[in-house]
Each structure stands twice: as structure tokens, then as C-alpha cells.
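Report on the following structure.
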Amino acid sequence: MLELKNVSKFYYNKGMVSAGFSRVNLKFDLGEFIAITGESGSGKSTLLNVISGLDSYEEGEMYINGEETSHYSEKDYEEYRKRYVGNIFQNFNLVNSYTVYQNIELVLLLNGKKKKDIKNKVIEIIKQVDLYKYRNRKVSKLSGGQKQRVAIGRVLAMNTPIILADEPTGNLDKKSSESVLKLLHDLSKNKLVIVVTHNYDQIEKYITRKITMHDGKVINDQKIRDYEKVTESNVTDFSDIKLSNKIRLGVRNAFNIFSKFILIFAVYLFVLSSIFFSYSSFKQVEYEASTNGYNIFFGYDSDKRIIIRKNDKSSITDIDYKNIEKLSNVDYVVKNDLLVETSLVLSSDNYYLSGKVSNLSFINEVNYGDLPKKDDEVVIEMSKDNYYFKSLSKNKLNTEFVVENLTTFNKKYVVKIVGIICRDDYDNDYDVHFYVPDKFQDDLNKNLNRAASNVKYNFMGIDGTSYYQSYNYEILPSSKVSKGKVLIPEEYNYRCKENNCKNESFKINISNMYFSKNANYTVIGNTDKKNFTNLTGYNYENYNNCIFINDKDYDSLFSEDYFQSSVFVLNTKDVRKTIVELNDMGYKTLYLVDTLTTDNAFSYIIRIVMLCALTLLLIFLFFISYFIIRLILKSRNVYYSTLRILGSSSRAISDLLKIELLTISHTAFIAFTIYVLLNYFGVINLQNIKESCDYLTFGNYVIMYICLMVMTLLVSNRYSRKLFKNSVMNTYREEV
Ligand code: ADP
Ligand code: MG
């Protein structure tokens with residue numbers, strides 16, 4: 001059934017060619033039990049490996065059942081090995097991390113049997129080689145004789161017509177050798193068994209033929225006794241491993257050598273965290289680039305600010321504010337949108353403080369001093385490194401400050417800072433934040449409304465415009481004027497009959513982007529140089545051209561409901577959701593970040609550079625992880641070679657490797673995700689992981705997952721391609 005005609009095998013080693021054996025002519029039949037002897041280096045192993053299809057030959061022709069094999073591809077050899085050849089080696093060549101049971105089961109699984117169908121068969125074989133007691137023991141913990149019996153069990157399971165044993169008793173004591181040889185003999189009834197041995201005497205009583213080799217040549221081929229001719233060769237039915245068993249074995253292999261698992265797991269964790277941090281910093285830069293623009297109408301372009309107005313243009317009521325504040329992502333609402341734009345400036349002899357204003361209701365305690373009790377008391381929040389804070393001793397609190405940008409006409413608007421909140425993490429050492437009582441805020445609002453309004457008046461049919469802080473025909477408040485009355489400058493008298501304007505009507509119109517309204521006053525008289533201060537409370541030099549109305553009337557002109565407010569969100573990641581919610585509630589929204597004008601070319605360049613860097617990093621990570629994993633997997637070459645010796649297809653082996661690596665990469669991904677989630681929910685508190693989370697969405701994690709899996713598949717493909725480039729023995733030798 002097997003025939004070699006003039007077959008030679010050469011080894012190429014560093015440019016040197018040497019012969020493993022040369023011009024060998026041999027013919028083998030089923031039923032034979034053959035011993036090959038010869039001194040070390042005579043080519044016995046090489047011959048056996050060629051017959052097994054584990055190594056190629058260079059010259060001559062080998063026939064299997066009459067079929068030429070010189071044209072055989074690796075695939076043909078795979079099939080040949082699976083159907084025909086069972087191997088036994090001097091060093092056993094078992095899967096050391098598997099149990100006895102698993103080693104034998106492996107053969108049947110690779111042959112496409114179902115796991116549940118083979119249980120009895122495996123046990124039966126284990127009993128046959130007398131290892132039932134050890135069936136669940138790891139092979140690495142067995143003695144040499146026991147190991148070789150496992151190898152024989154494996155061959156029994158393969159049930160191939162040819163059994164090739166290369167010095168099977170070389171590492172065994174006499175008694176174990178005897179039992180191994182006897183088992184082999186029992187096997188040989190209807191098979192071809194070839195045993196390479198050093199110990200011819202021990203095997204002589206079993207064999208039918210003896211072949212002696214010397215220096216790569218067959219020098220003697222001698223019949224010892226007759227054998228029963230077998231006509232039928234019962235070739236094992238040929239099918240490939242089932243998918244479920246591939247998964248089962250792949251997952252088993254992933255965890256079964258713990259140190260290897262941990263190493264590869266660590267590589268994946270490293271890859272994953274590199275992708276995680278670089279990806280999130282990419283997102284961060286991208287995000288910051290998007291917020292780096294400016295808007296010429298709105299100065300305060302915080303990425304947390306959404307400006308709202310009602311769709312029906314009506315004013316925003318307290319009920320509206322309550323409902324808005326109920327939204328989960330809303331931090332607070334600043335009712336008067338103009339207040340957001342305004343910086344308050346306070347000054348005293350030594351200090352000059354400027355910053356944004358919020359209502360006192362936003363705070364409930366201070367670090368130094370007290371919360372305000374009066375209308376003219378404020379709290380200030382600032383960095384610990386602020387010059388004012390550093391130069392302050394506690395008893396110096398309560399100093400008076402003049403509000404520089406709150407117009408109070410002829411008198412100063414004075415407030416006291418009574419409390420301080422100081423913080424480590426304040427953005428800016430110069431910036432401060434004021435928390436002010438309602439009355440102060442109200443004054444500010446009115447002032448802002450005045451500044452933003454167009455004020456027109458009509459007197460005796462002639463229109464005039466009152467410019468803010470112009471002194472020219474400006475309308476000003478005075479407590480000395482009665483309600484509903486107006487004092488006009490002397491020069492307007494000419495418009496009236498006999499220069500007497502008393503009781504004439506004076507119309508004022510206020511309009512700004514939110515509201516417009518009219519008011520009507522009655523002239524009570526006019527000012528002149530003599531009575532000016534007496535009548536108005538203002539000094540003549542500056543204000544002689546101005547028009548005066550009662551201060552309460554003045555206030556009510558500019559105190560109005562709010563038509564435009566700013567909503568501040570807690571989390572910018574969810575800002576889109578909040579905008580949709582606000583739209584659904586009937587508000588027109590403007591998210592400032594969307595309106596920013598940026599230097600597009602520049603931000604595109606940043607993006608492209610970052611994307612290139614990210615791609616390069618991915619490629620770099622791929623090669624790093626490939627080389628590390630390749631190093632780690634090198635120790636697995638024996639395992640994969642063993643599978644090939646057992647007749648596994650290359651397809652099945654690369655699938656097993658794929659599943660093994662995918663299992664580990666999934667484990668790493670899950671572990672990493674759990675770790676990130678624990679940080680996200682504050683169970684573990686690693687600030688930079690938490691911050692990175694803020695820039696990544698679910699989709700980004702999906703992309704990271706895909707990257708990792710693609711990388712895993714590429715690594716495993718690359719590795720298995722390399723694995724199958726070599727013949728089995730070459731791959732095997734690389735490691736052993
Ligand atoms: P045996 O099994 O009879 O001891 P081998 O078949 O192992 O002999 O070796 C036969 C010859 O081939 C020896 O000269 C040996 O040096 C050579 N040889 C075996 N394996 C290799 C190899 N991988 N590379 C180069 N030469 C080899
Ligand atoms: Mg040898």
C-alpha cells in the first residue's frame with residue numbers, strides 16, 4: 001500500500017545541503033509490523049517523517065495505494081495524514097495542558113465527531129491503554145510510560161491504517177517499554193506498523209520484518225516472520241471539525257495556559273487603553289476646536305449656554321422657569337439674558353474686581369465672612385490665588401466697593417463684600433464671580449434694559465431721542481419729581497404758548513429687542529440754573545439739558561418680564577437632548593457653540609493631522625501587538641504542529657487560533673469596559689479616565705471595539721499564514 005522509489009530527502013542548512021536519506025526503495029503492506037534500526041543519524045526519523053507526510057521529499061516518488069505523491073500540496077498531505085497516518089514520537093508530543101481524556105477526545109473532535117457521541121468511545125480507549133484511573137489528570141503530570149500510552153490511545157482513536165512510531169520506547173524504562181510494544185503489536189493486526197528502535201532485541205519477538213539503515217541508505221531489508229495479508233484498508237471516514245467544537249476548543253485554549261492568557265490579555269488591555277486615551281484626546285481636541293470661535297453678538301460663549309425665547313414671543317413666566325429647571329440636564333437658568341453678557345466691575349481704593357453675576361440663591365454657604373443680609377451686600381467667589389484674596393485679612397472684609405458699571409447718575413452705587421468663597425480649581429486667577437441679592441440684581445437688570453433700549457420722546461409734536469449716558473436730553477430719574485410728572489429743560493419752553501408748558505403732555509417710548517412700551521407724563525415746569533439742584537438733586541453743569549421724571553416711574557419703564565433667558569446645562573455631552581426637550585416645550589433655542597465663527601482651514605488641518613496620528617498609532621499598535629503576541633504564541637507552535645500531525649486541516653487550525661484570540665480580546669474588552677464604567681459611576685475614581693469618558697459616545701466605543709476585533713483577526717491571520725508556510729516538522733523544530 002506504500003511504496004518509495006528512489007526517494008531522497010535533503011536538508012538545506014545555511015547554504016549547505018546534506019542528505020537526510022538518499023535513494024531509498026521500499027514497499028510496505030498492511031499487516032506488516034516492521035522495525036527500522038540503524039545508528040544515530042542514519043536517517044530513520046527523516047524517513048518516517050516523509051512517510052508520515054510531515055516532511056517533504058525532493059527526489060524520487062512515493063506512492064500511496066498506487067497514487068503518486070510528488071505533486072501533493074499541503075492540503076493533500078493534510079488529508080493523507082488524517083485518513084492514513086497515526087504518529088507516535090519519542091517525546092510523546094501530547095498537549096501537556098490537556099487531560100488524558102481531552103487529549104484523546106481532541107482527535108475525535110478534529111475528525112468532526114460530536115462531543116456527546118464520543119464519550120463512551122474515549123473512555124473505552126482510555127481503558128484499553130490502561131489509564132482509566134488517570135483520565136482526568138493533566139498529561140504533564142504523567143510518567144513517560146503513561147504518556148506514551150496516551151499517545152497510543154490517540155492513535156487508536158484516529159484508527160488509521162498506518163502507524164508510525166519513532167523510538168516510542170526511547171525514554172521509557174524496560175517495563176513500560178514492554179507494555180508499549182505489546183500494545184503496538186496488538187494494534188498491528190490489520191494495519192501497517194513501522195517502529196524505529198534502538199533496542200532491537202526487545203521488539204524482535206513481535207516483528208515481521210527488519211530494515212537496517214546506514215548513512216542515509218537502506219543496507220538491509222530482512223523478513224523475520226510471515227504476516228497475514230490484509231486486502232481492505234479501512235480508511236477512517238473523512239470530515240472536518242464541527243463549528244461548535246471549534247468554539248469549544250478555541251475557548252478552552254484561550255484560558256487553559258494561564259500565563260499565556262494573562263500575557264495576551266495584558267497586550268490587549270494595553271492596546272485598548274492606548275486607543276481609548278488617544279481617541280478621547282482626539283475627541284477632546286476636536287471638541288475644543290469647535291468651541292474656540294467667537295460670536296460678535298454674544299460675548300459669553302460658554303459651551304453650557306443655551307439661549308431661549310418663547311416661540312410665541314411672549315414673556316417667560318415663573319411657571320416656565322420651574323418647568324425648565326426640572327429638566328434633568330439643566331443646571332440653572334439666568335432669567336435676564338443680558339446679565340450673562342455683563343461683567344460687573346467693583347472698585348475700591350486698592351482693588352478692582354470684575355466678573356459675572358449670579359443670584360444669591362445659587363449658594364448657601366461661604367468660606368469666609370457671612371451670607372448677605374442687606375440689599376447692598378454681596379458674596380464673591382474666586383481662586384485661592386487671586387490677588388485680592390491673598391492680600392486679605394479676615395477683618396478687612398466689609399470694605400465698601402463702588403459699582404463702576406451700574407449707572408446711578410449723580411450718586412455712587414456702593415456695595416459691601418461680606419462673604420468669600422475661595423476655590424482651588426478656579427479657571428482664572430483674575431476672574432471672580434459675584435452672588436448678589438434680588439434688589440441688587442433687579443437694579444442691574446433695569447440698568448441693562450436701559451442700556452439696551454432705544455428711548456424716544458415726543459413733546460409738542462416734535463420727536464427727540466434720549467441717548468444713554470449722553471447728558472443731552474437724556475431722561476433721568478429723580479425722587480424730587482412727583483409721580484406721573486416731568487421736568488423739562490428751559491429751552492423747550494419756546495414750543496409752548498406764551499412759553500408756558502405746564503400741564504402739557506410729554507410722551508416717552510421705550511423699545512428694545514424684547515419689548516416696546518409707551519408712557520405719558522404731565523409737565524410740571526422747567527428747570528433753570530438757579531433752581532436746578534433744588535428741583536432735581538443733580539448738578540447743573542452736567543445735567544442742565546436733561547429731562548427728569550420720578551425715580552419710581554423711571555424704574556417701572558425698564559423693569560419688565562424676561563423675554564430671553566439663558567439655560568445652563570450640567571453636561572455638555574447631553575446638550576442636544578436638552579435642546580430638543582426645550583424645543584418640544586415651545587422654546588426657540590440658540591446653542592452658542594453652534595454660532596461660533598471659527599477659522600475653518602485651521603481646524604480642518606488640526607483634524608487631519610490628528611486623524612493621521614491616530615491611524616499611525618493604530619498601525620504601530622498593530623505591529624507591536626503582533627510581535628508580542630507572535631512571541632507568546634511561538635510556544636504554541638508545538639500545539640499547532642500536534643494538531644497538524646493529528647490530521648487537522650489548516651483551515652480548522654487558523655479558526656481555532658482566531659477563536660482563541662477573539663476570546664481573549666473579548667475578555668479584555670469586557671474587563672476594560674467594566675473598569676471604565678466603574679470609573680464613570682464613581683466606584684473607582686481615576687480622574688483622567690472619567691474625563692476621557694466625557695468625550696466618548698456609545699458609537700465611539702463601538703468603533704474601538706471594531707478596531708480591536710479587526711486587529712485581532714489581522715494578527716491571527718498573519719500568524720496562521722506564517723504557521724502554514726512551513727512544513728509541520730519545520731514549524732515543530734522551530735520551537736523544540
Ligand atoms: P536518525 O533518526 O536515524 O538518528 P535523522 O533522520 O534524525 O537520523 O538524521 C539523518 C541525517 O539528517 C543526519 O545526518 C542529521 O544530521 C540530518 N538532519 C536531521 N534533521 C535535520 C535538520 N532539521 N536539518 C539539517 N539536517 C538534519
Ligand atoms: Mg531519530
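Counting starts at 1 for both ligands and their atoms, following the listed order. The basis for the numbers below is simple: all heavy atoms, side chains too, and nothing from hydrogens, waters or symmetry mates.
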State whether any protein heavy atom lies less than 4.0 Å from atom 12 (O) of ligand 1. yes
Out of G38, G43, S42, S45, who gets a non-hydrogen atom closest to atom 7 (O) of ligand 1? S45
May I ask you to identify the nearest protein heavy atom to atom 23 (N) of ligand 1, giving residue, atom name and distance to one decimal place in Å? R733 NE, 3.3 Å
Cation-aromatic face contact R135/Y132, 6.0 Å, 45 degrees: yes
Suppose we only count N/O/S atoms under 2.8 Å; would S40 qualify as near the Mg ion (ligand 2)? no
Considering A19, G41, S40, G216 one by one, which has a heavy atom nearer to atom 10 (C) of ligand 1 than any of the others? G41
Under 3.5 Å between some N or O of ligand 1 and some N or O of G20? no
Test K260 against E660 for salt bridge (Lys or Arg N to Asp or Glu O under 4.0 Å), laying out the working first. CA-CA 11 Å; K260 178 215 65 180; E660 177 173 343; 2.6 Å; yes
Can you check salt bridge (Lys or Arg N to Asp or Glu O under 4.0 Å) on K115 and E105, steps first, answer last? CA-CA 8 Å; K115 192 172 163 81; E105 176 197 47; 2.6 Å; yes
Checking side-chain polar atoms at under 3.5 Å, does N136 have a donor or acceptor matched by the opposite partner on T99? no
Please state which protein non-hydrogen atom is closest to atom 18 (N) of ligand 1 and give its distance, to 0.1 Å? Y11 CE1, 3.2 Å
How are the rings of Y80 and Y77 set to each other: parallel, tilted or perpendicular (split at 30° and 60°)? perpendicular
What is the nearest protein non-hydrogen atom to atom 9 (O) of ligand 1, stated with its residue, atom name and distance? T46 OG1, 3.7 Å
Cation-pi geometry met for R209 and Y227 (6.0 Å, 45°): no
4.0 Å protein heavy-atom contact status of atom 15 (C) of ligand 1, strictly under: no
Check each atom of ligand 1 against the heavy atoms of N13 and keep those under 4.0 Å away; list them by number with element. 24 (N), 25 (C)
Result of checking F270, F672, Y268 against F276 for ring pair (Phe, Tyr, Trp, His ring centres under 6.0 Å): F672
